[in-house]
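Structure record follows, encoded as structure tokens.
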2 protein chains.
Amino acid sequence: MGVTIKDVAKSAGVAPSTVSRVLADNPRISPATKKRVRKAMKDLGYHPNVNARSLVSSSTQTIGVVMPSSADKALQNPFFPEVLRGISNIAHDLEYSLLLSTGDSEDTILEAVKRMVYGNRVDGVILLYSRLRDRVTEFLYEKEFPFVIIGKPSENMDSISHVDNDNVQAAKEITGHLISLGHSRIGFIGGSKDLAVTLDRLSGYQSALQQAGLPIQEEYLVHTEFLKSGGRKAVHELFKLSQPPTGLVIADDLMSLGVVNMLEEFGLYVPEDISIVSFNDVYLAEITRPPLTTVDINIYELGVHACKCLVEKVKDSSEPAKRIIVPFKIKYRSSAAKREQT
Amino acid sequence: MGVTIKDVAKSAGVAPSTVSRVLADNPRISPATKKRVRKAMKDLGYHPNVNARSLVSSSTQTIGVVMPSSADKALQNPFFPEVLRGISNIAHDLEYSLLLSTGDSEDTILEAVKRMVYGNRVDGVILLYSRLRDRVTEFLYEKEFPFVIIGKPSENMDSISHVDNDNVQAAKEITGHLISLGHSRIGFIGGSKDLAVTLDRLSGYQSALQQAGLPIQEEYLVHTEFLKSGGRKAVHELFKLSQPPTGLVIADDLMSLGVVNMLEEFGLYVPEDISIVSFNDVYLAEITRPPLTTVDINIYELGVHACKCLVEKVKDSSEPAKRIIVPFKIKYRSSAAKREQT
DNA sequence: ACGATGTATTTAAACGTTTGTTGATGAGAG
DNA sequence: CTCTCATCAACAAACGTTTAAATACATCGT
């Protein structure tokens with residue numbers, strides 16, 4: 001149906017291979033013929049068939065992007081469009097396409113990833129999450145297929161390229177902020193304990209408390225889903241305590257919204273009664289009431305670096321595994337306030 | 001590198017073509033050989049090469065998904081992950097892959113779409129937006145390439161398959177809700193006038209006013225970006241009027257947040273001073289303060305139907321253009337309240 | 001005027017499939 | 001015991017590229 005390299009060749013009066021070399025701008029072809037062939041291509045409206053090219057070169061110029069299972073409603077999180085924007089812009093610049101993959105369970109995702117990899121559909125994969133004992137990660141790792149994780153690998157850290165923030169440090173600093181505002185009873189609300197990001201943020205939180213000589217209280221720790229219901233549950237647990245916290249470190253902006261919301265039902269207001277700080281600085285963090293004091297983790301840049309890093313690895317497989325840390329920045333807004341000493 | 005159909009053939013002692021037919025479960029192959037071949041495939045860990053297959057069958061089992069330019073920060077909108085979830089689930093069931101495409105301008109997107117189409121990378125395309133005089137739409141239409149629009153085509157409505165809500169009716173009903181609460185000065189805040197969705201919602205709003213015998217006032221109409229700054233601007237314009245509205249119909253939940261936020265800076269509260277209603281029923285609508293009264297447009301289903309419809313068209317090109325209307329449902333929450341007559 | 005050198009192009013094989021056509025084998029009919 | 005007809009499997013061409021190797025043709029030093 002389409003016009004092929006042969007048609008162009010015939011029309012320009014050259015061999016197909018010559019057309020191919022013109023396409024690749026091979027110096028072995030004289031400028032004169034190049035011009036002639038290019039004209040023929042234009043006249044006929046020629047466009048190369050990517051499949052044929054992939055078949056022989058066994059490179060697809062495509063990278064696979066794997067989202068977490070939509071069972072993790074994490075997908076609702078504006079994090080994804082933003083990180084995709086970063087990936088997509090770079091991919092476009094480097095002339096790569098994006099093959100997307102989601103699923104509603106780890107199984108379907110693994111299946112989809114296998115299809116991508118075994119079917120020769122992609123040159124490399126970017127994982128948009130990182131969880132403990134993840135079979136997708138294991139699969140890619142064993143197959144020695146090029147991939148990059150956004151987040152921190154739970155195993156083989158040194159041999160898996162990844163792009164991450166210094167979540168420990170970020171958590172430490174933002175917890176420190178709460179402490180410096182006079183809070184001493186500070187709770188932590190995190191996502192699933194299987195997620196690397198939760199663990200890091202928790203550890204930073206703990207280390208800040210420790211450094212300030214504050215006790216680490218087990219009952220101030222809540223792990224729950226990144227969901228409204230999660231936020232509700234967390235608030236319920238924390239505020240039935242005889243000495244509930246006055247400050248909260250929350251692992252995700254979206255959860256913060258749920259918390260603010262639930263707190264309000266309890267007749268508690270942010271930041272007058274409770275101060276909260278969270279992570280991500282999603283678009284929303286700025287427009288909610290109150291605007292959230294949060295850690296800007298530079299989501300867009302996470303995507304950008306992941307994509308660049310993967311393409312490097314794809315182009316030169318001897319490229320070593322990299323660890324790229326994207327800087328964060330605390331955005332001081334109004335969800336955290338000075339604690340009136342009572 | 002990989003194990004090919006020939007390796008399997010050799011191992012099973014048959015011809016490559018036989019292996020291929022076993023793959024396709026062709027009845028011309030006897031059960032006995034099928035079994036033998038299948039065993040060989042399993043033993044060798046065979047996986048078909050998709051590119052080779054695409055090359056000869058000129059079908060890629062892939063559908064292209066085109067997002068709006070990220071210059072429209074619309075991308076920040078949780079709409080996209082949700083619609084993607086719908087598309088992706090169906091695609092997975094039907095064994096299709098998703099090739100994603102964004103760009104920061106109409107040009108880059110068009111370029112990317114051309115790469116998809118000309119390069120034989122996709123069998124069909126889903127457009128996640130619909131705007132006036134869109135060159136991507138024009139391109140696909142002229143090329144007679146299978147595609148489906150989520151939203152309403154601005155031209156050739158009857159020959160372009162699309163999945164949409166009855167936005168006119170939805171706007172009419174939700175505006176009616178405001179009217180029935182006693183509001184008579186009702187403003188409309190919409191997105192770009194180029195977007196079909198804005199136009200429909202505007203038209204429903206107007207028709208509700210008309211039907212209630214209320215005047216349609218030009219100064220109560222604001223068109224702005226789907227952004228916080230947009231929300232700000234809108235509020236500024238509306239509330240410098242001598243008779244500002246008491247109710248607002250807002251074309252998107254996210255804008256609503258901006259509006260609530262800005263209103264607050266003016267010392268006005270929702271719903272005590274101003275009632276607002278909006279569209280989409282994004283995850284957030286429920287957890288904000290106040291929870292938004294909004295139209296649930298069933299985003300997930302939009303994706304599901306778009307994907308199904310496209311695959312039908314791809315499989316049978318004689319399939320006629322379809323118009324699929326996904327039902328909406330108004331969620332009554334607390335951002336709209338009775339207007340105290342003053 | 002000669003082979004040597006180099007440049008510009010062509011030839012042909014390969015990539016891993018699918019699929020129309022041909023060929024072999026065996027069973028049943030005459 | 002041959003002939004016909006199924007049934008199953010093999011052969012081979014095609015899909016649109018890339019690329020190593022071969023070839024044609026000037027150009028050059030001698």
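Predicted, not measured: the structure shown is a model, and the values here were computed from it. Letters go in sequence order (proteins before strands), and every chain restarts at 1.
- Take the nearest nucleotide of DNA chain D for B/Pro27 and for A/His47: the residue whose nucleotide is more 5' is B/Pro27.
- A/Val50 comes within 4.0 angstrom of nothing in the nucleic acid, heavy atoms only.
- Put simply, the side chain of B/Asn89 never gets that close to the backbone of B/Gly86: no donor and acceptor are under 3.5 Å apart.
- For A/Tyr46 and B/Arg21, each mapped to the nucleotide of DNA chain D holding its nearest heavy atom, the one lying further toward the 5' end belongs to B/Arg21.
- In this model, the phosphate group of D/dT18 is approached by a side-chain N or O of A/Arg53 to a distance below 4.0 Å at OP1 or OP2.
- Across all strands shown, A/Gly119 has no heavy atoms under 4.0 Å from either base or sugar-phosphate atoms.
- Here C/dG16 presents its P atom at 12 Å from NZ of B/Lys10, a figure rounded to the nearest Å.
- For B/Arg28 and C/dT21, a side-chain-to-base donor-acceptor distance below 3.5 Å is present, hydrogens and geometry of angles not being considered.
- The distance from atom NZ of B/Lys6 to atom C1' of C/dA14 is 8 Å, rounded to the nearest whole Å.
- Minimum atom distance to the side chain of A/Ser30 is reached by C/dA8, of the listed D/dA9, C/dA8, C/dG16.
- For the pair A/Asn49 CG and D/dC15 P, the computed distance is 12 Å after rounding to whole Å.
- For A/Thr33, no side-chain nitrogen or oxygen approaches OP1 or OP2 of C/dA8 to under 4.0 Å.
- Separating the CG atom of A/Leu23 from the P atom of D/dG16 is a distance of 15 Å, rounded to the nearest angstrom.
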**Q.** Derivation of the side chain to side chain donor-acceptor pair (under 3.5 Å) call for A/Tyr129 and A/Ser69
**A.** CA-CA 10 Å; A/Tyr129 65 93; A/Ser69 70; over 6 Å; no
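- Aromatic ring centroids of A/Tyr118 and A/Phe139 lie under 6.0 Å apart.
- For the pair B/Met41 CE and C/dG16 P, the computed distance is 17 Å after rounding to whole Å.
- When atom types are taken as modelled, the side chain of A/Asn49 and the backbone of B/Asn120 share no donor-acceptor pair closer than 3.5 angstrom.
- Phosphate contact (OP1/OP2 of C/dA8, side-chain N/O of A/Thr18, threshold under 4.0 Å): absent.
- Atom-to-atom, CD1 of A/Ile29 to P of D/dT19 comes out at 13 Å; the value is rounded to the nearest Å.
- If you check every strand for non-hydrogen atoms under 4.0 Å, A/Ser20 touches a base.
- Taking atom CG on A/Asn26 and atom P on D/dA20, their separation rounds to 10 Å, with Å as the unit.
- Checked by distance alone, A/Ser58 brings no side-chain donor or acceptor within 3.5 Å of a matching partner on the base of C/dC15.
- Between A/Ile5 atom CD1 and D/dT19 atom P there is a gap of 11 Å when expressed in whole angstrom units.
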Q | Worked check of side chain to side chain donor-acceptor pair (under 3.5 Å) between A/Ser101 and A/Arg115 | A | CA-CA 10 Å; A/Ser101 167; A/Arg115 273 225 311 253; over 6 Å; no
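- Here A/Thr4 does not reach the OP1 or OP2 of D/dC15: none of its side-chain N or O atoms lies under 4.0 Å away.
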